[in-house]
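Not measured: the values here are computed from a predicted model. Residue numbers count from 1 along this sequence. Atoms considered below: every heavy atom in the structure, side chains included; atoms not considered: hydrogens, waters and symmetry mates.
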Amino acid sequence: MTDDAKRQLNNLICAVAEGDAESLDGVYVIAAKRMYVAALTIVGERAAAEDVVSDSFIKVARFAKKYKTQTDALGWLLKIVRNTALDYLRKRKRRAEVSAECLFNLADENASPEKCERAAMLEQAIAKLDDGERRAIYMRYYLDMTVREIAQAIGVPRSSTERLLLRAENNLKKFLQSGIKD
């Protein structure tokens, strides 16, 4: 997503928070495909993913006032989708195992087959990381948090967070170079 689209999405969510319901249409135009792909990744069914996205837009409208201006608007939206999808699974009493795909959705719906293949390989490598490493990578590269912000979020010193990220990055390299074998 371009910086301009990110700014536009941020402005639209702020407008929704101020009561401009029409801005929700703009949010839909910019983010609906990504939201749908994230929902589909978690629930695994097209109709269910559509329901999750619809429910997510209701939550966006309801909770837009809680959105912190100038943060990652797409990350905020995808977090709502993820939580809504997990709620959907719980309500349906499915015993779905939540994998790294719920956190990382690297494939772009408009990407070339080669890019999709590379994204799938990266997702597999991320799935091989332990929970702490996966969470650190998610916060650093997906939510675009600084090392200091990550350290505060997980409650450890900055130096420990730097080592955690370095270990996670090295493990990702190792997994990718080895062809992601167990």
Could you list the donor-acceptor pairs under 3.5 angstrom formed between side-chain atoms of residues 6-15 and any protein atom two or more places apart in sequence or on another chain?
{"from": "N10", "atom 1": "OD1", "to": "Y67", "atom 2": "OH", "distance (Å)": "2.5"}
{"from": "N10", "atom 1": "OD1", "to": "Q70", "atom 2": "N", "distance (Å)": "3.2"}
{"from": "N11", "atom 1": "ND2", "to": "R7", "atom 2": "O", "distance (Å)": "3.3"}

Of all pairs that satisfy ring pair (Phe, Tyr, Trp, His ring centres under 6.0 Å), the ones with a partner from residues 24-52, not counting sequence neighbours:
Y28-F57
Counting distance only, does the side-chain N/O of S178 pair as donor-acceptor with the main-chain N or O of K174 below 3.5 Å?
yes
Interatomic spacing from NZ in K66 to CH2 in W76 - rounded to 0.5 Å
10.0 Å
Non-hydrogen atoms of V60 and V16 that approach each other most closely
O-CG1, 4.4 Å
Apply salt bridge (Lys or Arg N to Asp or Glu O under 4.0 Å) to residues R62 and D55 and explain how you reach the verdict.
CA-CA 11 Å; R62 186 180 308 154; D55 291 346; over 6 Å; no
Closest heavy-atom pair, V147 versus L165, reported as atoms and distance to 0.1 Å, is CG2-CD1, 3.9 Å
Sole residue of L78, V81, D51 in side-chain contact (heavy atoms from CB on, under 4.5 Å) with S56
V81
Please enumerate all residues that pass side chain to side chain donor-acceptor pair (under 3.5 Å) together with D131, with sequence neighbours excluded.
R134
Residue pair A31 / L77: nearest heavy atoms and the distance that separates them
CB-CD1, 3.7 Å
Assess whether a salt bridge exists between R82 and D87, defined as any Lys/Arg side-chain N lying under 4.0 Å from an Asp/Glu carboxylate O.
no
To the nearest 0.5 Å, tell me how far D25 CG sits from D20 CG.
9.0 Å
From R140 atom CZ to T146 atom OG1, the distance as rounded to the nearest 0.5 Å:
7.0 Å
Under the rule for salt bridge (Lys or Arg N to Asp or Glu O under 4.0 Å), what residues qualify as partners of R46, not counting sequence neighbours?
none
Distance in Å, D130 CG paired with L164 CG, rounded so as to fall on 0.5 Å steps
7.5 Å
Mind checking the CD1-NZ spacing from I80 to K59? Nearest 0.5 Å is all I need.
8.0 Å
Out of curiosity, F63 CZ to I58 CD1, how far, rounded to the nearest 0.5 Å?
11.0 Å
Taking only residues two or more places apart in sequence or in another chain, which ones pass salt bridge (Lys or Arg N to Asp or Glu O under 4.0 Å) with K65?
none
Within residues 146-173 or reaching into it, pairs that qualify as salt bridge (charged side-chain N to carboxylate O under 4.0 Å, His left out) - sequence neighbours excluded:
E133-R167, R158-E162
Taking all heavy atoms of V52 and all of A39, pick out the closest pair and write down the distance.
CG1-CB, 3.7 Å
